[in-house]
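Residue numbering restarts at 1 for every chain, and letters A, B, ... go by the order of the sequence lines.
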Number of protein chains: 2
Amino acid sequence: MRIGELSKQCGIPVETIRYYEKEGLIPAPPRSASGYREYSKASMSFLSFIQSAKAVGFSLKECRNLLSIFVTRDAHTCAEVKDLSEQKLEDLQTQMQALANMHQTLKAISDACCGGDESAANCAILNKFEGSET
Amino acid sequence: MRIGELSKQCGIPVETIRYYEKEGLIPAPPRSASGYREYSKASMSFLSFIQSAKAVGFSLKECRNLLSIFVTRDAHTCAEVKDLSEQKLEDLQTQMQALANMHQTLKAISDACCGGDESAANCAILNKFEGSET
DNA sequence: ATAAACCCTGAAGTTAGCTATAGGGTCAAG
DNA sequence: CTTGACCCTATAGCTAACTTCAGGGTTTAT
Ligand SMILES: [Zn+2]
Ligand SMILES: [Zn+2]
Ligand SMILES: [Zn+2]
Ligand SMILES: [Zn+2]
């Protein structure tokens with residue numbers, strides 16, 4: 001299968017596949033006589049692995065680590081994989097907490113504004129942002 | 001007050017202050033005979049405005065819009081300001097939801113892994129990422 | 001008067017994850 | 001046998017929000 005076909009199969013742009021290869025996420029496939037990349041069906045595992053891991057918040061760098069564990073998984077333990085997974089769960093919670101804090105703060109600021117058609121000369125939101133005055 | 005002093009007062013690096021000026025977030029202050037920026041105490045309002053708005057999730061571009069409303073606030077309405085604020089609240093919720101979905105998905109995947117010291121040859125996490133097998 | 005600490009500009013570099021461009025070779029159909 | 005779809009490489013560009021660098025002037029303290 002050539003790169004265009006693989007791209008269609010997994011819904012990842014051709015350029016992105018080449019980019020993943022350059023970044024060392026996926027192994028370089030064999031080439032045809034004319035230099036075209038020849039992918040096997042197994043190549044799709046790698047791409048769907050990346051898609052899945054990305055979808056739950058892993059960066060490409062982390063995907064590369066996960067993939068390198070995946071290809072040598074006999075030499076790795078479940079504990080190791082689960083650790084990475086639980087670390088990411090914590091990261092996600094930390095990020096959610098940060099967003100929740102921002103939301104709460106902004107909600108309080110926003111609620112103080114009347115939202116009317118009058119001039120914003122004394123708008124509570126602008127005043128809070130400025131720093132002090134009631 | 002020169003830029004180093006302002007920087008110390010508000011906790012924003014000197015380079016960042018100059019960057020904000022170049023990006024049109026804060027007005028260019030007057031210069032001394034030798035070309036040094038001379039800030040008044042009012043300049044700190046702008047910087048603390050940016051800090052506050054950034055802290056609740058506004059991008060610098062959005063901060064610039066908010067600041068331009070702030071400086072001409074007599075010609076703007078509370079409704080306008082509150083709209084921006086509520087839009088940002090929605091953005092934050094959307095982002096939180098996205099993170100919550102990732103968390104939920106990853107949690108389910110992670111729970112399926114035994115986390116033991118055995119080989120990861122059949123690790124449920126890796127298998128899920130790969131795409132299919134139980 | 002000289003050295004440290006501060007200030008200036010403009011341009012380039014950083015991170016992440018692509019996307020686009022330039023310039024060219026290859027393959028399948030009509 | 002040529003046209004259009006496809007493939008290749010290398011390099012540059014994109015967004016966001018800075019940070020760093022190169023090269024040079026100023027202020028302040030000793
Ligand atoms: Zn009002
Ligand atoms: Zn208001
Ligand atoms: Zn296990
Ligand atoms: Zn496992």
Side-chain angles (χ1 to χ4, degrees), chain A residues 1-40 43 46-67 88 91-92 95 98-99 102, chain B residues 1-40 43 46-67 88 91-92 95 98-99 102:
Chain A
M1 172 177 19
R2 295 190 308 204
I3 200 169
E5 175 71 9
L6 179 63
S7 167
K8 224 169 293 173
Q9 297 280 332
C10 65
I12 295 178
V14 165
E15 299 78 19
T16 303
I17 297 174
R18 283 195 286 247
Y19 171 73
Y20 286 166
E21 179 185 327
K22 199 174 45 164
E23 293 298 302
L25 276 92
I26 58 178
R31 299 294 182 108
S32 74
S34 53
Y36 289 10
R37 290 171 178 81
E38 280 297 343
Y39 293 99
S40 66
S43 303
F46 285 96
L47 290 173
S48 73
F49 191 106
I50 294 170
Q51 279 184 312
S52 307
K54 256 169 54 84
V56 294
F58 287 102
S59 68
L60 288 194
K61 201 180 229 176
E62 289 166 333
C63 286
R64 186 171 50 198
N65 292 340
L66 285 168
L67 275 164
K88 182 53 65 180
D91 289 357
L92 290 171
Q95 290 176 51
L99 288 175
M102 291 191 230
Chain B
M1 170 176 23
R2 295 191 309 205
I3 199 167
E5 174 70 9
L6 178 63
S7 166
K8 225 169 293 173
Q9 296 281 330
C10 65
I12 295 178
V14 166
E15 300 78 19
T16 303
I17 297 175
R18 284 196 287 248
Y19 170 73
Y20 286 167
E21 179 185 326
K22 198 174 46 166
E23 292 298 302
L25 276 92
I26 58 178
R31 300 295 182 106
S32 74
S34 54
Y36 288 11
R37 290 171 178 83
E38 279 297 342
Y39 294 98
S40 67
S43 303
F46 284 95
L47 290 173
S48 74
F49 191 106
I50 294 171
Q51 278 185 312
S52 306
K54 256 170 55 82
V56 295
F58 288 101
S59 68
L60 288 193
K61 201 180 230 176
E62 290 166 333
C63 287
R64 187 171 50 199
N65 292 338
L66 285 169
L67 275 164
K88 181 53 64 181
D91 289 356
L92 290 170
Q95 290 176 52
L99 288 176
M102 292 190 229

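B:E62 places its CD atom 12 Å from the C1' atom of D:dA16, with the value rounded to the nearest Å. Atom CD1 of B:I26 and atom P of D:dA17 are 15 Å apart (whole Å). Rounded to an integer number of Å, the gap from A:L6 CG to D:dC8 P is 11 Å. Between the P atom of D:dT11 and the CZ atom of A:R18 lies a distance of 15 Å, rounded to the nearest Å. Nucleotide C:dC8 holds its C1' atom 12 Å from the OH atom of B:Y39, rounded to whole Å. One can place CD of A:E5 at 9 Å from P of D:dC7, the figure rounded to the nearest angstrom. Atom CD of B:E38 and atom C1' of C:dC8 are 14 Å apart (whole Å). Atom C1' of nucleotide D:dT27 and atom CZ of B:R31 are separated by 17 Å, given to the nearest angstrom.
Scanning for side chain to side chain contact (heavy atoms under 4.5 Å, CB included) contacts around B:Y36 gives B:R2, B:S32, B:S34, with sequence neighbours left out.
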Next on the checklist: Base contacts versus sugar-phosphate-only contacts with protein, heavy atoms under 4.0 Å: please encode nucleotides 19-30 of chain C as B, S and - from 5' to 3'.
Outcome noted: S-----BBS---

Checklist entry - For B:Y20 and B:L47, what are the C-alpha separation, side-chain angles and deciding distance, and is it a side-chain contact (heavy atoms from CB on, under 4.5 Å)? => result CA-CA 9 Å; B:Y20 286 167; B:L47 290 173; 3.9 Å; yes

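A:K88 places a side-chain N or O within 3.5 Å of a backbone atom of A:G57 that can act as its donor or acceptor partner.
Within the model, atoms SG of B:C10 and NZ of B:K8 stand 12.0 Å from one another, a figure rounded to the nearest 0.5 Å. Of the inter-residue distances, the one linking B:T16 atom OG1 with B:R18 atom CZ reads 9.5 Å to the nearest 0.5 angstrom. Note: A:L6 CG to A:I17 CD1 = 4.0 Å, rounded to the nearest 0.5 Å. Annotation: the span from A:F46 atom CZ to A:Y39 atom OH amounts to 12.0 Å, rounded to 0.5 Å.
Place A:Y20 and B:I3 on DNA chain C by their nearest nucleotides, and B:I3 ends up nearer the 5' end.
A side chain to side chain contact (heavy atoms under 4.5 Å, CB included) with B:Y19 is found for one member of B:E21, B:E15, B:E23 and no other, namely B:E23.
Taking a 4.0 Å limit (strictly below) on heavy-atom distances, residues 47-61 of chain B does not reach DNA chain C anywhere.
The minimum heavy-atom distance linking A:S7 with A:I12 is given by the pair OG-O, 2.7 Å.
A sub-4.0 Å separation between OP1 or OP2 of C:dA16 and a side-chain N or O of A:R64 is absent. Phosphate contact (OP1/OP2 of D:dC8, side-chain N/O of A:R37, threshold under 4.0 Å): present.
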